[in-house]
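Here's the structure, in structure tokens; my notes come after.
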Amino acid sequence: MSINCAAVDRLIDSMSFTQKVGQLNQRLLGWKSVERNAAGRLVASDELKQEIDRWGGLGTLYGLLRADPWSGQHWGNGIRPEERTEAIAVVQQTVLERGAHGIGVLLSEEAPHGHQALGGTVLPTNLGLGATFDPQGVQEAEAAVAAELAASGIHIALVSGLDIARDPRWGRCEECFGEDPLMAARMCEAIVTGMQGEHRSKVGHGGVAVVLKHLAAQGEAVGGRNGQSAVLGPHDLHEIHLPPVAAGVRAGALGFMAAYNDIDSVPCCANPWLLKDYLRDQLGFDGIVMADGLAVDRLEDMAGSIPAAGRAALLAGVDVSLWDEGFTRLEEYADDEQVVAAVDTALRRVLELKAMFGLLPEDGADTAAIAMPSADAIAQATADGREQAKRMAREAITLINDGQSAATLDDIRSVIADAQAGPVIVAGPFADDFGCFLGDYTAPLPADEQSSVYRQLVARLGEDRVLLAAKPSDAPADQWARASTVVFVCGSTSERSYDSEFDDNGAAKAVTEYGATCGEGVDLSDIRLPWRQDDMLGEVAALTTAPIVSVAVCGRAHVLTDVLERSAVTIWAGYAGQYGPQAVADVLVDGADMSGRLPVTLPAYPAAIPVRYNDRQSAAHVYKDAAEPILRGFGYGAGSLAAVTFSEMHADTQSHPDEVLVQVTAHADDHGAAGAVNLFAHVSGGRRIPRLAMLVDSVYMDLNAGERRDIAFHVPCDRLRDVGDGQVQVTCTLDGDSTHTVTATLPGEY
């Protein structure tokens, strides 16, 4: 829908200062805006009515459909998929009836890896999606999620994507696409294009507005502690943490969320350089900036008071608040010319966004004519989302160890397929667990959609063949002796229970002994597998001579050294989403290929962290008690592309003045292959210490059996040059394989 600027101007002129401030607030928790009457029907709550009356309208409403332990919403009391239309209608009609200007409310929902609502699609978390190295696949998956949101009457999707996994101690690593800025940038572009369409073409037409979070450098927090200071210089800020931001702006993102952390002492929510000079003036961003939950109020110590905190955030460039009181106190600055002007600027952005969704009254009308959700459209979009979730779960599965003992994955598959072989024992704390695959920010799924690795193997091999042993003592010694294969399901979980304690922003506050070990609020000082799982695997290995397949379900770069040493095969599954168990069974029983690659570096020791592939100094042989601190490198994957051979690699620096063209020929074996082929570069000759490597391009390919294909990598020179006073030498390496390396020389810049 086109924006009628004159109509927006008239609306702004007709509003009181209080009404203007109200349009910038997102204070009310959406699930508290409706309740059930005696007949069980949804009606507007008094809290919703009071909020509308206070402001003469409502700007943005957060989480109307959200369901999870923090909100307390579940299948017994939350808004079910078939009730979404009713809930949206109740809220919008109440806002229109009680508001002063006939303006509808923007509805925002959490969608970091699918819609966090009852019946919503659950994709792999970003760390799992990062393992696919498949931006096109992510774009298609996010388009399906956006279609579900739009069909449900939602306007804004709050989507993680900007954060870079720099320290595995940070609980929110699962929300990162990995440790590489280029891949994160491509994934952010995929999110925006998928959800908003090319050039925002789907916004208001089957798509939603994306608010990318979190801006910026949250993954750099000291010690992996959530919301803590990011201590880094401007060069690393631009090179590591801002590429996804720039990519989001290029793709047309309509929103960004300012993060909790500070950068060199300046809070992101009160950083005019970040939110104005860089985001708007340098990149040309024209959408809204939203604060993270209660982040404005956290400025109180800096600003001196809650009202001053609201003023500081507003003047720095925040347009929309989230749950805080600071923006509600902006009324106290009605005589402050700076605040009045900033309120009008932010209000215009909010109203222009509302216009895109038809939430403003058209000329001559008293109220907006808001289209209500369609139950059929919701059902169709949800079904499409499920198919995308299945596909992405399969792509996320990553083989990181094969043939550690005499048995290979192919050998194990043959044994599993042999009905006359001994039992398959599924062991480990997550053997019969579903929630471990889902990640944080996930609504509960109905019982008939829940599964586990154990249940999937039973469904395919039969109850007589598959035994469950969450603890080694759960199976008798004779069964361990007879076992043909052991599948050990280990890792971590972000699943919250409904009796958990939470901080005021929804982060986990208290974690029980066998509760969440990852996710927001669960930062760890020890990144070994929790609950002594390494010891448990050792006990299992002592009980059987059968080959062990370990399935590591992880939301961070856990230390898997013991797992690899004791397992014939190790599969890394990230948090692969609701279809993660099926994807694992597809690999083990159906022989599905694994195209995934590690999106993070796996450390070999718990204290030899952080280690990143793009560090400037190698950590090898630095620690005298941990000479080789890296267990598996970024981009490692021993799956379907391992059998692809490459030849005729060469670099061309002449054809295009602004890029290096690297070409190589790929040859598939007689099975074919799919997955990403990555090109890394090491640059020398500038004035800075070069990074050990940089991912400079990645091409996702699908090769037929026996196919030969030329692959071209296009590497922009501005990714390679640095300020220097001589020539810059670039060494390009294919997926860390020193046998496929070319060197090119570029003129230096002065």
Side-chain angles (χ1 to χ4, degrees), residues 133 164-166 177-187 217 219-220 232-247 597-601 610-622 629-630 633-636 646 648-664 676-699 711-750:
F133 282 71
I164 306 295
R166 298 286 285 169
F177 285 114
E179 66 186 49
D180 179 72
L182 176 63
M183 189 51 61
R186 291 186 174 181
M187 293 299 194
E220 198 74 41
L232 75 168
H235 182 81
D236 280 4
L237 175 65
H238 280 83
E239 195 165 81
I240 296 295
H241 297 282
L242 295 183
V245 180
R597 292 186 177 276
L598 284 174
V600 287
T601 301
V611 284
R612 289 78 57 118
Y613 90 95
N614 54 7
D615 285 333
R616 289 192 170 85
Q617 305 285 356
S618 172
H621 306 290
V622 172
I630 294 176
F634 169 82
Y636 183 89
F646 298 95
E648 303 172 32
M649 188 172 178
H650 64 277
D652 175 4
T653 60
Q654 303 301 318
S655 299
H656 304 281
D658 296 327
E659 71 175 21
V660 175
L661 177 65
V662 177
Q663 294 177 300
V664 67
V677 182
N678 299 323
L679 185 71
F680 296 88
H682 176 77
V683 180
S684 60
R687 288 180 174 172
R688 292 186 175 91
I689 298 174
R691 299 189 183 280
L692 298 172
M694 298 186 301
L695 180 68
V696 290
D697 201 6
S698 178
V699 176
I711 303 172
F713 298 96
H714 298 270
V715 186
C717 288
D718 60 9
R719 290 271 299 158
L720 304 173
R721 282 197 183 101
D722 207 339
V723 177
D725 51 8
Q727 293 181 330
V728 177
Q729 188 176 68
V730 182
T731 302
C732 295
T733 305
L734 196 65
D735 281 313
D737 183 354
S738 60
T739 61
H740 296 101
T741 299
V742 294
T743 300
T745 301
L746 305 178
E749 292 185 337
Y750 292 86

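Source: prediction; values computed, not measured. Values below: all heavy atoms of this structure, side chains included; hydrogens, waters and symmetry mates excluded. Residue numbers count from 1 along this sequence.
Looking at every heavy atom in both residues, L182 comes nearest to D697 through CD2-N, 3.7 Å. Pairing each heavy atom of A185 with each of A247, the nearest pair is O-CB, 3.3 Å. Of all heavy-atom pairs between N614 and P181, the closest is ND2-CD, 3.8 Å. Pairing each heavy atom of A712 with each of V699, the nearest pair is O-CG2, 3.9 Å. For the residue pair H238 and L242, the shortest heavy atom distance occurs at CD2-CD1, 3.8 Å.
A distance-only check finds a donor-acceptor pair linking the side chain of R597 to the backbone of A676 [under 3.5 Å]. With hydrogens and angles ignored, the 3.5 Å screen pairs a side-chain donor or acceptor of H682 with a backbone N or O of L692. A distance-only check finds no donor-acceptor pair linking the side chain of D615 to the backbone of Q617 [under 3.5 Å].
Residues F713 and V664 meet the side-chain proximity criterion, which asks for heavy atoms closer than 4.5 Å. Side-chain contact between M183 and P599: absent, with no pair of heavy atoms (C-beta onward) separated by less than 4.5 Å. Counting heavy atoms from C-beta on, the side chains of V683 and M694 come closer than 4.5 Å. Residues L695 and R186 are not in side-chain contact: their nearest non-hydrogen atoms beyond the backbone lie 4.5 Å or more apart. Taking the side chain as every heavy atom from C-beta outward, R612 and F634 never approach each other to under 4.5 Å.
Only one option out of I164, L232, D180 pairs with I240 in a side-chain contact (heavy atoms from CB on, under 4.5 Å); it is I164.
A distance of 4.0 Å separates OG of S698 from CG of N678, quoted to the nearest 0.5 Å. Note that the OG1 atom of T601 and the CD atom of E179 stand 3.5 Å from one another [nearest 0.5 Å]. The CZ atom of F133 sits 8.0 Å away from the CG atom of L598 when rounded to the nearest 0.5 Å.
With respect to the salt-bridge test (charged N to carboxylate O, under 4.0 angstrom), the residues D236 and R166 do not qualify.
Using bins of under 30°, 30° to 60° and over 60° for the plane-to-plane angle, the ring pair H656/H714 lands in the perpendicular bin.
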